[in-house]
Amino acid sequence: MRIAWTSIIRTLFALLLMVLGGIFFVRNGAELQSISKAFHGARPEYLLVAFATSVCIVLIQSAVIRACYRSLEKDIPFREAIVLYLKRFFLSPFIPGGFSVAQYTLTKDLDHHDIKPSEHTFVSSAFVLVSATSYLILLVPIVFLVGRVLLQDEEHIYVLARIFAGAIATAVTLIVVCRPLLSRLVRKWLAPHVGHFHSKPLIEAGLLSLLVDSAGMLLLWSALHSLGIQVAVEIAAAAYVLTALVLTASPLFQGLVVVESALVFFLGKAGVPTADALAGTLIFRGFQLWLPLLVGGFVYVWPLWHKAKSHLGIE
């Protein structure tokens, strides 16, 4: 039986990912062990909330992908969107540029929907853009809470308020002035490459991204409360936005170590003991990072493993 070279390459690539994943988990075994220890003694009802929230985040992110495709009149099944998101999440540590660049991969999984490469590129860019916009929208009200916790100085808070008021005024002015130009650019440059375009599904995607970040705040809050760490909702919200900023700026995979350090530092400033802050952070990262990563790895490798077995004649 003749075996296609593409199948061999994909199988070898899957095996390489499995090896790299094994090395990755071995090198970060200390953190995984710390997460395991932190789970002992945690209140199960809050862990259940954290688990359910983690699942909801995956589902909502998948809905964002679907909404971005619907803006081009391409309706992909929800199940395929979930699989695509999980696979991309799994690939993100092995791709230079991380999670944002991973959104441009695996477009061949949707070849049967007759989607052009330019349309895939637009959808991937739109997904990254709406996620970043969600962070920026949340950053404005949350920054005052961060300033109150970290600076503890009214004068500095007023300085931050003036800076962000100026930034908002500038952004609004640019939108008003540039809106006609943007409309012209969409008609002239975008339409020829993607065909039909509708802005309403992108607005829906933006609202869903805000829901994702709100769920992330709930996830952090429940992780801390599972250990009996009584933090206010606004502190958990500010801490989550901080993780989003660190994730964006960090060159490391999913901000590993950097996010944990920033969260522990911020929670410490908010009055949480360092040991408790570290344990709560590890539980949060267990549901926010490691759970979808492991599920994504299974979703990615399992079909390739079955294809390899069928080609090799293994029962």
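Numbering starts at 1 and runs along the sequence shown.
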For [Y], is there any backbone N or O sitting under 3.5 Å from a side-chain donor or acceptor partner on [X]?
X    : Y    : result
T105 : A102 : yes
R285 : W290 : no
S134 : S209 : yes
R43  : G228 : no
S131 : F127 : yes

Check: Would you find more than 12 non-hydrogen atoms of other residues, nucleotides or ligands less than 6.0 Å from Y46 atom OH?
Finding: yes

Item checked: Over 12 non-hydrogen atoms of neighbours within 6.0 angstrom of CG in D111 -> yes

From [atom1] ([X]) to [atom2] ([Y]), nearest 0.5 Å:
X    : Y    : atom1 : atom2 : result
L48  : S226 : CG    : OG    : 11.5 Å
L202 : K200 : CG    : NZ    : 12.5 Å
D213 : I57  : CG    : CD1   : 8.5 Å
H225 : E45  : NE2   : CD    : 11.5 Å
L208 : L59  : CG    : CG    : 11.5 Å
L86  : S62  : CG    : OG    : 6.0 Å

Would a 4.5 Å heavy-atom cut-off, applied to side chains only, mark [X] and [Y] as touching?
X    : Y    : value
R88  : S124 : yes
T107 : I115 : no
M217 : V233 : no
V272 : V231 : yes
W221 : L218 : yes
I235 : L224 : no

Next item on the list: Could you tell me how the ring of W302 sits relative to the ring of F298: parallel (under 30°), tilted (30 to 60°) or perpendicular (over 60°)?
Entry: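 Aromatic pair W302/F298 classed parallel.
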
Next item on the list: Could you tell me how the ring of F51 sits relative to the ring of F287: parallel (under 30°), tilted (30 to 60°) or perpendicular (over 60°)?
Entry: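 Plane angle over 60°, so perpendicular.
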
According to a 4.5 Å side-chain heavy-atom criterion applied to Ile, Leu, Val, Met, Phe, Trp and Tyr, with indirect links allowed, do [X] and [Y] form part of one hydrophobic cluster?
X    : Y    : result
F90  : V128 : no
V295 : L47  : yes
V212 : L129 : no
L289 : I60  : yes
Y300 : L291 : yes

Which heavy atom of [X] sits nearest to which heavy atom of [Y], and what is that distance?
X    : Y    : value
F122 : S71  : CE2-OG, 3.6 Å
Q288 : F89  : O-CZ, 4.0 Å
P292 : S54  : CD-OG, 4.2 Å
T281 : V264 : OG1-CG2, 3.9 Å
F284 : L219 : CD1-CG, 3.8 Å
A236 : L220 : O-CD2, 3.5 Å

Next item on the list: Pick out which of E80, K74, H120 makes a side-chain hydrogen bond (donor to acceptor under 3.5 Å, both in side chains) with Y69.
Entry: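 Only match with Y69 under side-chain hydrogen bond (donor to acceptor under 3.5 Å, both in side chains): H120.
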
Next item on the list: Using distance alone, with no hydrogens and no angle criterion, decide if E119 and H113 have a side-chain donor and acceptor under 3.5 Å apart.
Entry: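 Not at all, the side chains of E119 and H113 share no donor-acceptor pair under 3.5 Å.
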
Notebook entry, point to check: D109 and V83: side-chain contact (heavy atoms from CB on, under 4.5 Å), yes or no, with the steps?
Noted result: CA-CA 10 Å; D109 287 5; V83 171; 5.5 Å; no

Next item on the list: Apply side-chain contact (heavy atoms from CB on, under 4.5 Å) to D276 and L227, showing your working.
Entry: CA-CA 8 Å; D276 292 342; L227 298 174; over 6 Å; no

